[in-house]
Amino acid sequence: MEPVVFAAVLSAACLHAGWNAIIKVGLDRFSSLLLIVLAQVGLSVILLPFFAFPAAAAWPWILVSAVIHTGYKLSLISAYEHGDLSQVYPLARGAAPLIVALVSTIFVGEAMSVPKLLAIASIGLGVGLMSLGSGVSGRMPPKAFVFALVTACCTASYTLVDGTGARLSESASGFILVSTLIDGILTGAYAWATRGPGAFAKTRPFWRSGLVAGAMSLASYWVVIWAFTRAPIPLVAALRETSVLMALLIGIVFLKERIGPGRIMAGSLIACGVVLMRF
């Protein structure tokens with residue numbers, strides 16, 4: 001992985017952790033998610049005219065990506081309904097790079113050396129370790145565990161789809177903006193069908209924080225889509241999940257949260273994986 005790509009994906013991980021911290025605005029999780037989606041749609045509409053549209057070969061991948069992204073959001077919300085954020089999020093994110101590495105090596109033909117596989121495993125295991133026994137209720141509820149794994153499969157699926165589609169699109173920027181628009185339409189339609197127009201009105205008072213978080217979220221994945229065209233997909237996917245480590249550092253430094261030895265060990269595994277990946 002080139003140094004500029006490595007630094008860019010680490011920056012995207014910081015943005016990802018940052019918008020997750022900002023979005024704690026007092027809304028329920030579905031409304032918070034809808035708020036970010038609405039902000040991303042608005043930004044995509046404004047920015048799309050300034051970038052080339054993706055090539056025709058990428059459009060099937062864009063449509064599949066939008067559907068998977070919508071499924072990812074719904075499965076993540078279901079996981080949060082049954083488990084704690086500190087349990088669900090790390091497991092949902094940590095398992096994804098391992099799935100991506102396995103599938104891309106077997107079916108996509110990505111060349112993976114032993115150090116690369118060790119780096120991915122170290123990051124994935126470190127992220128997953130953060131979910132063990134970290135919730136206020138102790139052991140992770142079975143339903144939360146199942147939905148978290150479904151979310152991880154969705155994450156791995158859209159990672160592989162987006163990585164392939166971005167390479168075919170001839171315009172990584174056009175790919176992410178069009179995909180975000182379609183995903184936003186699908187998510188908005190689901191919100192309207194299940195919760196009515198009140199779901200949108202509920203987000204209005206929080207539009208400022210939503211706009212900031214939406215911009216950070218869009219920028220974060222925009223960088224990742226670009227990185228897919230410059231580096232092996234499994235490496236980018238694993239390095240992106242260092243956002244969990246960034247979130248841990250934000251919690252310690254700014255939110256004054258206390259951590260136990262398990263999370264210290266998990267953070268060390270993630271850090272080792274980053275070093276292995278770079279050197």
Side-chain angles (χ1 to χ4, degrees), residues 12 15-16 18-20 22-25 27-55 58-80 89 92-93 150-151 154-166 169 171-226 228 240 243:
L15 285 171
H16 193 274
W19 75 253
N20 275 277
I22 288 174
I23 200 57
K24 295 180 179 180
V25 292
L27 289 168
D28 61 272
R29 292 188 178 100
F30 183 88
S31 298
S32 296
L33 183 148
L34 180 61
L35 181 62
I36 291 177
V37 168
L38 293 174
Q40 290 178 330
V41 168
L43 291 169
S44 297
V45 170
I46 294 171
L47 294 171
L48 189 55
F50 299 96
F51 297 94
F53 263 62
W59 278 90
W61 297 94
I62 289 173
L63 296 175
V64 172
S65 170
V67 172
I68 297 174
H69 273 277
T70 302
Y72 158 79
K73 294 180 180 70
L74 299 182
S75 62
L76 183 62
I77 290 171
S78 297
Y80 285 149
Y89 183 78
R93 306 302 304 188
V150 171
T151 303
C154 288
T155 302
S157 298
Y158 76 62
T159 296
L160 291 167
V161 169
D162 289 349
T164 304
S169 69
S171 172
S173 297
F175 182 93
I176 180 63
L177 292 174
V178 173
S179 178
T180 298
L181 274 175
I182 299 175
D183 173 30
I185 292 171
L186 293 176
T187 304
Y190 176 85
W192 187 283
T194 58
R195 306 200 177 197
F200 298 87
K202 191 175 181 179
T203 64
R204 195 174 300 136
F206 305 97
W207 69 269
R208 289 181 180 85
S209 58
L211 182 60
V212 174
M216 293 175 70
S217 176
L218 179 61
S220 172
Y221 202 54
W222 196 327
V223 171
V224 170
I225 290 292
W226 168 79
F228 284 151
R240 182 190 178 214
S243 62

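Just so it is clear, the structure is predicted and the values come from calculations on it, not from any experiment.
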List the atom of [X], the atom of [Y], and the distance in Å for their closest heavy-atom pair.
{"X": "Ser171", "Y": "Ala52", "answer": "OG-O, 2.9 Å"}
{"X": "Leu211", "Y": "Ala39", "answer": "CA-CB, 4.0 Å"}
{"X": "Pro54", "Y": "Val178", "answer": "CD-CG2, 4.0 Å"}
{"X": "Ser179", "Y": "Ala66", "answer": "O-CB, 4.2 Å"}
{"X": "Phe175", "Y": "Ala166", "answer": "CE1-N, 3.8 Å"}
{"X": "Ser31", "Y": "Thr203", "answer": "O-CG2, 3.7 Å"}

Rounded at 0.5 Å granularity, tell me how far [atom1] in [X] sits from [atom2] in [Y].
{"X": "Thr70", "Y": "Tyr190", "atom1": "OG1", "atom2": "OH", "result": "11.0 Å"}
{"X": "Ile36", "Y": "Lys73", "atom1": "CD1", "atom2": "NZ", "result": "9.5 Å"}
{"X": "Ile68", "Y": "Leu186", "atom1": "CD1", "atom2": "CG", "result": "12.0 Å"}
{"X": "Phe30", "Y": "Leu35", "atom1": "CZ", "atom2": "CG", "result": "12.0 Å"}
{"X": "Leu38", "Y": "Leu43", "atom1": "CG", "atom2": "CG", "result": "11.0 Å"}
{"X": "His69", "Y": "Thr155", "atom1": "NE2", "atom2": "OG1", "result": "9.0 Å"}

Quiz item: When you measure from the side chain of Thr180 to the backbone N and O of Ser44, does any donor-acceptor pair fall under 3.5 Å?
Solution: no
Quiz item: Okay, side chain of Ser217, backbone of Ala213: is any donor-acceptor separation there less than 3.5 Å?
Solution: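 It does not hold such a pair.
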Are the side chains of [Y] and [X] in contact, using a 4.5 Å heavy-atom criterion?
{"X": "Asp162", "Y": "Tyr221", "result": "yes"}
{"X": "Lys202", "Y": "Leu34", "result": "no"}
{"X": "Leu47", "Y": "Trp222", "result": "yes"}

Quiz item: Is the closest side-chain donor-acceptor distance between Thr151 and Ser75 under 3.5 Å?
Solution: yes
Practice problem: Decide yes or no on side chain to side chain donor-acceptor pair (under 3.5 Å) for Thr187 and Asp183, but give the supporting numbers first. | Solution: CA-CA 6 Å; Thr187 304; Asp183 173 30; 3.3 Å; yes
Exercise. For the residue pair Phe53 and Trp59, categorise the inter-ring angle as parallel (less than 30°), tilted (30 to 60°) or perpendicular (more than 60°).
Key: parallel
